[in-house]
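Structure, as C-alpha cells:
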Amino acid sequence: MESFRITSAGPRVQPLAGTVHVGGAKNSALKLMAAALLAPGTSVIRNVPDILDVEVMGQLLERLGCTVEITHPDTDPTQGSTSGDVRIEVPEELSWEAPYELVRRLRASIAVLGPLVARCRRASVALPGGDAIGSRGLDMHMAGLRELGAAVRVEHGQVVAEVPDSLAGATMWLDFPSVGATENLLMAAVLAKGTSVLDNAAREPEIVDLCRMLVEMGARIDGIGSSTLTIEGVDRLAPVEHATVSDRIVAGTWAFAAAIAGGEISVDGGDPRHLDLVLDKLGDAGAEIATTPDGFMVRAERRLRSFDVVTLPFPGFPTDLQPFAMALASVSEGTAMITENVFESRFMFAQELARLGADLHTDGHHAVVRGVPMLSGAPVVAHDIRAGAALVLAGLAGQGVTTVVESQHIDRGYPSFAEVLAGLGADVVRQAG
Ligand code: UD1
C-alpha cells in the first residue's frame, strides 16, 4: 500500500506555479476501448492516459478474445502528460463472458455489455464494483436492452442478456441522463435493425466523443451533443483510429488546485468550453481565469469567496469536481451550500475533510461548509479517485503534515499526481504504507 505525504505551511504560503498538460479523459478512453469491440479488425485509440484502469480494461478485452497493446511514450511525469496509444485487434468471434475478477476492479467494464450483446447476441457481464460512491444501479441499462429486444436477467452475480434473433431499433427513455446507460444503449443500438431513439440521454463531452468514434466506424447517429439521440442501425462497423477527448475533470482539478493552494497554473490541453460553469464560478469567487492558446490559466492570489454548488448532469456542475468544490469552500471566505444530486454516498469525503479541520455539516445530500482561514494536517483516507485527489489539495491548504492513505485510488484517475504537484512546487511525496 502507498500513501501521499503532504507538508504545507498553509494556503498561499508556498503558491503553486507552472504548467501542467492534460491528456485524454479516462472516462472516455475506457468506453472507446469497449466500442472497439463493435468492429472486427484493428482499432487504435490515441491520447489514452497512463493509468491502471486502462490496463485493466485492456486485460478484459484480451479475456474477450482481443489482442491489446498499450504504448506510452517516455515523457516527463512532472508534466502530467503521459498519454499513449492502445491498439486493439478484435476477432470475428468474441467470447461473451466478462468475469467478476476483472469487472470488480473496474466499474467502467460494464461498458462491454452493449457491444457484446450487439456483436454476439449474448453477454454475461459481472455486476461491477468500483468506487465507493453510491449504489450505482444498472436498471436503466437493463430496461433499455429489453426495449431493444434482449432478454435480460441477473444470475449468480452476472448480468446476462440474450437476443433471440437480432436487436431491433426501439424508443428508449432514460429516467435520469445516466452516462453509463447512454453509452451501453448507444453501442447496442448502432448494430440493431432499424431506428432507435434514446431520449433524456446524457450529453457529457465523453458521450460526444464516443458518438464521434462510432460515426467514424460507420454508425449513423443524429442529435450528437443533445439529449435525444437517433440511431439508424447498420449491419457492420469498421475499425478506426480515434483520439480521446481531453480530460475535463483532470483539467478542472488543476483549476481547483490553484484556487485551494494559491498560485498560478497553466492548464495546457484543458478545454475551457467543457468547464464553463466551473471556471465561471471560480472567476466570480475572485480567481483570475484566462484562456490561453493551449488551454487556460487560473491564478488565485487571495483567499476566494465561498460559492454554492449543485451537481447535475452536463452541462451542470460535474459531480466528479464536487469534492474539490467542498475542499475549496472549507478554506474560503463565507458559507457555501453544496448539493450532491448524482451520487448519494459522495459525502463520505466530508468526514475526511472534517478531520483536516473543515467546519461542515451534512444533511442528506446537502452540506453546509463554513470557511476557516486554514486547515490542519492529519492522516486521512482516500475513498475514491476524486475524494483522494481533493484531500491532497486540502492538505496543501492545511498547516502541518497530511497523509492520504489508500492513494492507489488517486493513481486510477491522475497520471503522476504527486509528481506533477511536486513539479508545481508543492511538498508532496509518495511513501510506503
Ligand atoms: C460516470 C463516470 C463518473 C461520473 C458519472 C456522472 C465513468 C467511468 N464514470 O459514471 O466518473 O461521476 O458518470 O457524471 O465514466 N443510476 C441508476 N441506474 C442506472 C444507471 C445509473 O440508478 O441504470 C444512477 C447511479 O447509481 C448514479 C446516477 O444514476 O447515482 C448517475 O450514474 P451514471 O451517470 O450512470 O454514472 P456512471 O456511468 O456510473
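Everything quoted here is computed from the prediction, not taken from an experiment. Just follow the structure's listing: the first ligand is 1, and inside any ligand the first atom is 1.
If you check the side chains of His242 and Asp209, you find a donor sitting under 3.5 Å from an acceptor. Side chains of Thr319 and Arg346: a donor on one and an acceptor on the other come within 3.5 Å. Checking Asp268 against Thr19 by side-chain atom types alone, no donor-acceptor pair falls below 3.5 Å. With 3.5 Å as the limit, one finds a donor-acceptor pair spanning the side chains of Asp199 and Thr228. For the 3.5 Å distance criterion, the side chains of Arg386 and Tyr414 qualify, holding a donor opposite an acceptor. Between the side chains of Gln322 and Thr311, no donor-acceptor pair is found at a separation under 3.5 Å.
The closest heavy-atom contact to atom 35 (O) of ligand 1, among the options Ser178, Ser109, Ala108, comes from Ser178. Nearest-heavy-atom check against atom 20 (C) of ligand 1 across Gly137, Ala202, Ala181 picks out Gly137. For atom 15 (O) of ligand 1, the nearest non-hydrogen atom from the set Lys26, Glu206, Lys31, Glu183 belongs to Lys31.
Between Phe176 and ligand 1, no N or O atom pair is found at a separation short of 3.5 Å.
Ligand-side atoms of ligand 1 in range of Val342: 27 (C), 28 (C), 30 (O), 31 (C), range being under 4.0 angstrom from any heavy atom. The contact set between ligand 1 and Gly180, taken as ligand atoms under 4.0 Å from a residue heavy atom, comprises 35 (O), 38 (O). Close contacts of ligand 1 with Arg107, meaning ligand atoms under 4.0 Å from a residue heavy atom, involve 39 (O).
Residue Asp139 touches ligand 1 through backbone and side chain together, judged by heavy-atom distances below 4.0 Å.
In this structure, Asp320 is part of the shell of residues with a heavy atom less than 4.0 angstrom from ligand 1.
Just one of Glu155, His156, Gln158 meets the side chain to side chain donor-acceptor pair (under 3.5 Å) condition when paired with Ser124; it is Gln158.
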